[in-house]
Amino acid sequence: MDTFVNLTLNGLATGMMIFLVASGLSLIFGLMGVLNFAHGSIFMAGAYSGVWAYSKTQSFTLALLAGMAVGIVVGYLAELTTVRRVYGKPVAQVLITTGLMLVLNEVLKAVFGPNIIAVSVPPLLAGSWDLGGIIIVKYRIFTIIVGLVVAVAGHFILTRTRIGMIVRAGVQNQEMVQVLAINIRRTFSLVFVSGAALAALGGIMMAPALGAVNPNMGLENQMLAFIVVVIGGMGSFVGSALGGILVGLAGAYTAWVFPEASLAVNVILMAIVLLLKPNGLFGMGGGRNA
Amino acid sequence: MILSLAAVETFIGQFHILQDINLEVPEGGVTVILGRNGAGKTTTLRTIMGLTPPSRGSITYRGKSIKGLPPYAIARKGIGFIPEDQGIFTDLTVEENLLLSTRKKDDETKSRWHMVMDIFPDLKEKLKQKSGGLSGGQKQMLAIARTLLNDNQLLLIDEPSKGLAPIVVARLADVIRELKKHTTVVLVEQNFALALAVGERYIIIDDGSTVKSGVMSELGKNKELQRRYLGITAPSHGGKVV
Amino acid sequence: MPDVSLPTRMHKIRGLLSLPRSSRTVPILLLLILVAVPLITPSRSMLNLLTEIFIMGIFAMSYDILLGYTGIVSFGHALFFGTGAYMTGLIFARTGPKLGYLFLAIGGGILLVTVMALIIGYLSLRLKDVYYAMITLAFAELFFIIAEKWRSVTNGADGFSFNVPAVLQDRVVYYYVSLVLLALIVVFLRRFIESPTGKVLQAIRENEKRAEFLGYDVLKFKLISNVIAGVVASFAGVAWALQQRFVSTGVMTVDKTIDALLMTTIGGTGTLYGALLGSGITGMAKNWLSELAKVHPIFERWYIIFGLLYIGIVLFFPGGILGTLMRIRSTKNKPSVTISAGD
């Protein structure tokens with residue numbers, strides 16, 4: 001029983017972590033339809049600059065802010081210089097953002113060096129509580145809380161604010177949003193930058209959990225994020241959160257029974273969802289080739 | 001003239017859809033654009049709105065060129081557009097669809113909101129419902145209601161009667177007459193009876209060019225013209241409906 | 001006057017419709033030069049570099065079938081390349097350096113790659129094109145991880161070396177073998193894209209909806225493209241393994257796929273020869289820049305330059321180098337065409 005509770009807690013925390021990484025992608029890909037292959041690079045830019053800020057200031061709050069600021073700047077520049085030119089052209093989007101990924105990854109290596117940098121959990125969040133056999137790692141609880149905040153805030157903004165309304169309307173019919181005198185390009189820029197900020201946030205949150213940052217973490221996590229968005233369904237922020245938890249739990253339980261398969265289980269999970277429900281579990285129907 | 005198009009040409013991909021569109025829309029009343037399927041009526045409206053920008057010619061609204069502006073900037077000048085499929089955001093509620101259309105939060109918008117609720121009582125009952133669940137007629141009413149929420153002075157409507165039952169078309173005719181009080185209307189319509197009932201002036205487009213324009217009541221009498229450009233052979237059966 | 005000009009005009013039209021003669025002379029001329037290279041230079045490193053360029057050129061051409069002729073972006077193409085390479089490596093390492101086993105490796109590769117391409121394609125090609133990119137990446141990563149973890153067989157990232165049949169060990173012989181393979185695959189792929197199936201693929205790339213309306217089973221054709229591209233990529237993998245006599249998980253990495261993407265885009269998509277040109281440029285540049293890296297470490301980050309070049313090409317020269325050159329030439333020829341039409 002203890003094992004089960006521990007595994008479930010681990011799975012939830014991992015799931016929330018994956019959701020944090022996926023939330024930005026869920027916005028950019030799920031709502032704008034732009035598959036941002038530089039997502040993992042922005043995630044990594046957040047992680048590296050957060051780690052750098054933490055090593056300089058010893059403040060995790062400052063590290064979070066610094067990482068997100070870098071994410072916002074990188075996202076804004078990427079949108080301004082390239083992504084904006086290819087809205088509505090899916091293949092060109094993939095090609096362009098791949099180029100951004102290559103450049104960003106190399107710039108990061110040039111700035112921070114190509115080696116693995118060790119990261120420790122900030123003292124306040126380090127350690128764990130032992131409740132009669134159930135081990136509760138503090139950082140995991142912190143992750144779950146941050147994940148919940150992002151999920152709730154994102155859901156609130158999308159469903160209860162004017163900008164959220166515009167975004168949801170834009171997912172359905174961009175042309176008509178323009179006809180209602182709304183500059184959708186500007187909304188899209190804002191969404192893209194928000195997605196980049198969330199990607200960077202995911203990066204800084206992930207760094208202490210992994211114990212290190214390395215130049216390969218970008219693509220690995222981007223893939224995981226994509227799997228979660230596919231499982232959750234296009235255009236559904238809550239779907240991505242549930243998708244993240246599903247992947248987290250599946251990974252945790254499989255790791256217990258058959259450790260070698262825990263990595264494969266995500267891909268298999270995605271394959272099953274795609275076979276049975278190509279639009280994802282909570283999707284609005286944007287996935288299938290119309 | 002509130003709107004003038006001169007020698008407008010529009011390409012969609014490699015297709016030369018609009019070849020020579022010239023039209024003048026005076027302030028007030030309803031101007032109906034008529035023509036066969038595929039003549040270029042919808043593209044004309046979309047070109048005015050900036051959705052399929054013209055490659056040549058001039059488009060002026062109240063004497064100022066709007067050619068080349070993005071659609072949202074054209075909309076901000078006070079031009080509303082209802083596409084053939086109504087352009088309702090079906091994943092959003094009725095209320096959200098209406099709210100998206102409001103641009104300010106002033107008293108005028110509030111009074112417009114009340115006016116819309118008075119004109120469309122059935123929408124008022126369904127404010128919190130997903131608009132995807134509305135009937136075809138209700139969707140059309142919602143689309144019209146959206147344009148009434150701000151001070152649009154020119155309204156482009158593409159085939160509002162398409163797919164609607166005769167009784168709903170009759171209601172639509174009433175609503176269009178109501179619209180006339182607030183704004184100038186340019187209407188693309190295949191239902192000739194409806195066009196005749198609500199329109200003051202007509203413009204005929206054939207093969208991407210404007211070929212004829214004049215007063216609606218005269219077109220109603222000119223059977224030869226109807227046959228030639230509109231393919232109407234017998235008096236329209238829908239005459240009684242409106 | 002009209003009756004005089006009619007035959008000449010017909011002749012001119014026919015001339016315009018048939019392929020320009022240079023489209024065949026240039027490749028043949030190039031082939032002759034490449035045949036002569038070992039006779040001119042004894043440099044082993046030069047031959048090795050060219051052999052590498054040929055093999056990566058085959059890989060890039062197979063990628064062009066997807067990107068240039070079907071309009072889909074794969075991030076898992078290295079999976080097929082890697083399958084060919086591992087098939088070859090494992091069979092030779094476990095048996096002996098006999099030529100017969102090579103055919104076993106090729107045959108096994110074709111079989112395995114076909115099955116994988118069908119499964120992955122079926123899962124991803126029913127969805128919007130962007131899904132294909134991520135799903136192929138996911139599967140490639142899955143197999144990459146399997147190769148990493150299954151150390152008893154693959155020895156993971158450290159890899160393993162093996163002996164190849166004696167005849168293929170000679171660098172000059174192998175240079176010619178890979179050149180012949182390259183030429184055969186150019187001919188095969190050109191036939192494929194000019195076949196009815198290839199034409200349908202290009203129709204799908206131009207306008208998927210229209211192809212569907214015309215009654216073509218779009219999924220089926222995309223699957224065919226996926227299988228052909230996969231099988232050719234596995235040939236490149238086999239050839240690569242034979243040249244390196246060593247296989248590690250490096251053959252399965254995303255970087256390999258991205259290399260193919262860069263080569264195809266820089267050289268020019270949808271032309272096949274563009275992919276070859278891209279392979280040549282990338283191979284030469286890599287070689288040159290890694291020399292420079294000894295001078296200054298900043299050149300280790302040469303991917304920045306490549307990435308920027310690539311972004312510039314995607315944004316401003318979507319036809320790549322070859323496509324842009326061809327466009328310049330066709331606009332240069334235009335005035336003479338209008339004059340001839342006018343007389």
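Predicted model, so just to flag it, every value in this text is computed and none were measured. Within every chain, numbering begins at 1; the chains are lettered A, B, ... in the order of the sequence lines, protein sequences first and strands thereafter.
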Is it the case that more than 12 heavy atoms not belonging to B/K124 sit under 6.0 Å from its NZ atom? no

Between B/K41 and the options B/L187, B/L34, B/V188, the side-chain contact (heavy atoms from CB on, under 4.5 Å) test singles out B/V188

In residues 131-155 of chain B, which residues are in contact with chain A at a heavy-atom separation under 4.5 Å? B/R146

Largest heavy-atom contact set with chain A, pairs under 4.5 Å, which of B/A73, B/P71, B/S101: B/P71

Atom group of A/E175 that falls short of 4.5 Å from chain B, counting heavy atoms: both

Please identify which of these residues, B/T184, B/T31, B/I59, meets the side-chain contact (heavy atoms from CB on, under 4.5 Å) condition with B/L3. B/I59

Using a 6.0 Å cut-off, check whether atom NZ of B/K67 has over 12 heavy atoms from anything other than its own residue. yes

Give the table of side-chain donor-acceptor pairs shorter than 3.5 Å for residues 192-200 of chain A, with sequence neighbours excluded, one pair per line with atom names and distance.
| residue | atom | partner | partner atom | Å |
| --- | --- | --- | --- | --- |
| A/S194 | OG | A/L190 | O | 2.7 |

Please determine if B/R177 and B/D174 form a salt bridge, counting it only when a charged side-chain N lies under 4.0 Å from a carboxylate O. yes

For A/F188 and A/Y87, take the angle between the two ring planes, folded into 0 to 90°, and tell me which bin it lands in: parallel under 30, tilted 30 to 60, perpendicular over 60. perpendicular

Heavy atoms only, distances under 4.5 angstrom: which of A/M176, A/R185, A/Q172 has the most pairs with chain B? Name it, please. A/Q172

Select, from B/I74, B/L51, B/I88, B/I79, the one with the greatest count of heavy-atom pairs under 4.5 Å involving chain A. B/L51

Please tell me whether A/F37 and A/F29 form a close aromatic pair, meaning their ring centres lie under 6.0 Å apart. no

